[in-house]
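Down below is the structure, laid out as structure tokens.
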Amino acid sequence: MYDEFEAELHELVLNAIQWGRAFGEQWERFGPLGRGVARQTIPKTVEHLLDGQVFQNQDHDVIEIMGDEIRRELNEIKPGFGDGAMLRDTSEDFGMSDRMAQLSHLIE
């Protein structure tokens, strides 16, 4: 029983690291540059994701900031779209620019 639990836990951790790396890679390619504090804090968190490191306390807050930056940029492109994208799946929305699709994908 313990071996089964340990195997499941190992798989969950591995999945979290893989998804974190994938998100970090996508952020490097498509993420907003950010403003103010976000511009200073996001790169370190992305580095943690890419390296598969355990999050530091501040990384949890930075993930929230990253979401805010995506929402902000989407709202600048099309007012209200970023707010909606945070609440629902926009992957099948028509009429999105390439940039809007890139940012929406980051939210998913």
Side-chain angles (χ1 to χ4, degrees):
M1 177 143 172
Y2 181 75
D3 290 335
E4 186 177 313
F5 172 76
E6 190 174 293
E8 288 179 25
L9 181 60
H10 176 77
E11 187 172 335
L12 288 171
V13 170
L14 182 60
N15 285 336
I17 291 170
Q18 290 171 335
W19 281 105
R21 282 186 178 147
F23 178 70
E25 289 168 359
Q26 291 298 305
W27 187 274
E28 280 191 320
R29 292 182 66 203
F30 305 118
L33 292 176
R35 297 179 179 173
V37 173
R39 186 175 285 233
Q40 297 168 354
T41 58
I42 289 174
K44 192 65 171 171
T45 295
V46 170
E47 182 180 315
H48 290 163
L49 290 167
L50 293 172
D51 290 344
Q53 295 178 14
V54 174
F55 267 14
Q56 308 296 318
N57 287 338
Q58 68 273 13
D59 290 330
H60 296 281
D61 295 334
V62 174
I63 291 292
E64 292 291 325
I65 292 169
M66 293 166 88
D68 291 342
E69 289 299 310
I70 294 168
R71 178 181 29 229
R72 179 192 54 75
E73 187 169 329
L74 282 169
N75 281 337
E76 286 177 2
I77 296 169
K78 183 177 181 181
F81 188 84
D83 297 324
M86 297 299 277
L87 300 173
R88 64 181 179 78
D89 181 8
T90 60
S91 63
E92 295 186 18
D93 284 13
F94 294 103
M96 283 195 291
S97 68
D98 287 344
R99 184 65 182 147
M100 290 172 70
Q102 293 164 348
L103 292 168
S104 293
H105 182 69
L106 280 171
I107 291 173
E108 297 168 6

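Reckoned from all heavy atoms, side chains included, excluding hydrogens, waters and symmetry mates.
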(request) Using atom types as modelled and distance alone, determine if a side-chain donor or acceptor of Arg71 lies under 3.5 Å from a backbone N or O of Gly82. (result) no

(message) Does atom NE2 (His10) have a neighbourhood of more than 12 heavy atoms from anything else shown, all under 6.0 Å?
(response) no

(message) In this structure, would Ile17 and Leu49 fall into the same cluster of hydrophobic residues linked by side-chain contacts under 4.5 Å?
(response) no

(request) Take atom CG of Asp98 as the centre, draw a 6.0 Å sphere, and report whether it contains more than 12 heavy atoms from other residues, nucleotides or ligands. (result) no

(request) Would you indicate whether the side-chain heavy atoms of Met66 and Val46 approach each other to under 4.5 Å? (result) yes

(request) For atom CD of Glu108, decide whether the heavy atoms of other residues, nucleotides or ligands shown that lie under 6.0 angstrom number more than 12. (result) yes

(request) In plain terms, say whether Glu76 and Arg72 are close enough for a salt bridge, that is, a side-chain N and a carboxylate O under 4.0 Å apart. (result) yes

(request) Find the distance between CG (Asp68) and CZ (Arg35) and round it off to the nearest 0.5 Å. (result) 12.5 Å

(request) Find the distance between OG (Ser91) and CD1 (Ile107) and round it off to the nearest 0.5 Å. (result) 11.5 Å

(message) Could you measure the distance from the NZ atom of Lys78 to the CE atom of Met100? Nearest 0.5 Å is fine.
(response) 5.0 Å

(message) Are Ile77 and Phe30 linked, directly or through intermediate hydrophobic residues, by side-chain heavy-atom contacts shorter than 4.5 Å (ILVMFWY only)?
(response) yes

(message) Let me confirm one number: the CD-CZ distance from Gln53 to Arg21, rounded to the nearest 0.5 Å.
(response) 10.0 Å

(message) As an exercise, state the distance from NE2 of His105 to OG1 of Thr90, rounded to the nearest 0.5 Å.
(response) 10.5 Å

(request) Check whether any side-chain N or O of Arg99 sits under 3.5 Å from a backbone N or O of Leu74 as a donor-acceptor pair, and report yes or no. (result) no

(message) My understanding is that only one of Ile63, Leu50, Asp61 makes a side chain to side chain contact (heavy atoms under 4.5 Å, CB included) with Thr45; could you say which?
(response) Ile63

(request) Using atom types as modelled and distance alone, determine if a side-chain donor or acceptor of Asn75 lies under 3.5 Å from a backbone N or O of Asp83. (result) yes

(request) Measure across Met86 and Gly67 and return the closest heavy-atom pair with its distance rounded to 0.1 Å. (result) CE-O, 3.9 Å

(message) Do Val13 and Phe23 sit in one hydrophobic cluster, given that two such residues count as connected whenever their side-chain heavy atoms are within less than 4.5 Å of each other, even indirectly?
(response) no

(message) Just so I know, are the side chains of Thr41 and Gln58 near enough to count as touching, which here means a heavy-atom distance under 4.5 Å?
(response) no

(message) So which atom in Pro32 and which in Glu73 form the shortest heavy-atom distance, rounded to 0.1 Å?
(response) CB-OE1, 3.1 Å

(request) Return the minimal non-hydrogen interatomic distance between Pro43 and Ala38, and the atom names on each side. (result) CD-O, 4.2 Å

(request) Please examine the side chains of Ile70 and Trp27, heavy atoms only from C-beta on, and report whether any two atoms are closer than 4.5 Å. (result) yes

(message) Measuring from atom CD of Glu6 to atom CD of Glu8, what distance do you get when rounded to the nearest 0.5 angstrom?
(response) 11.5 Å

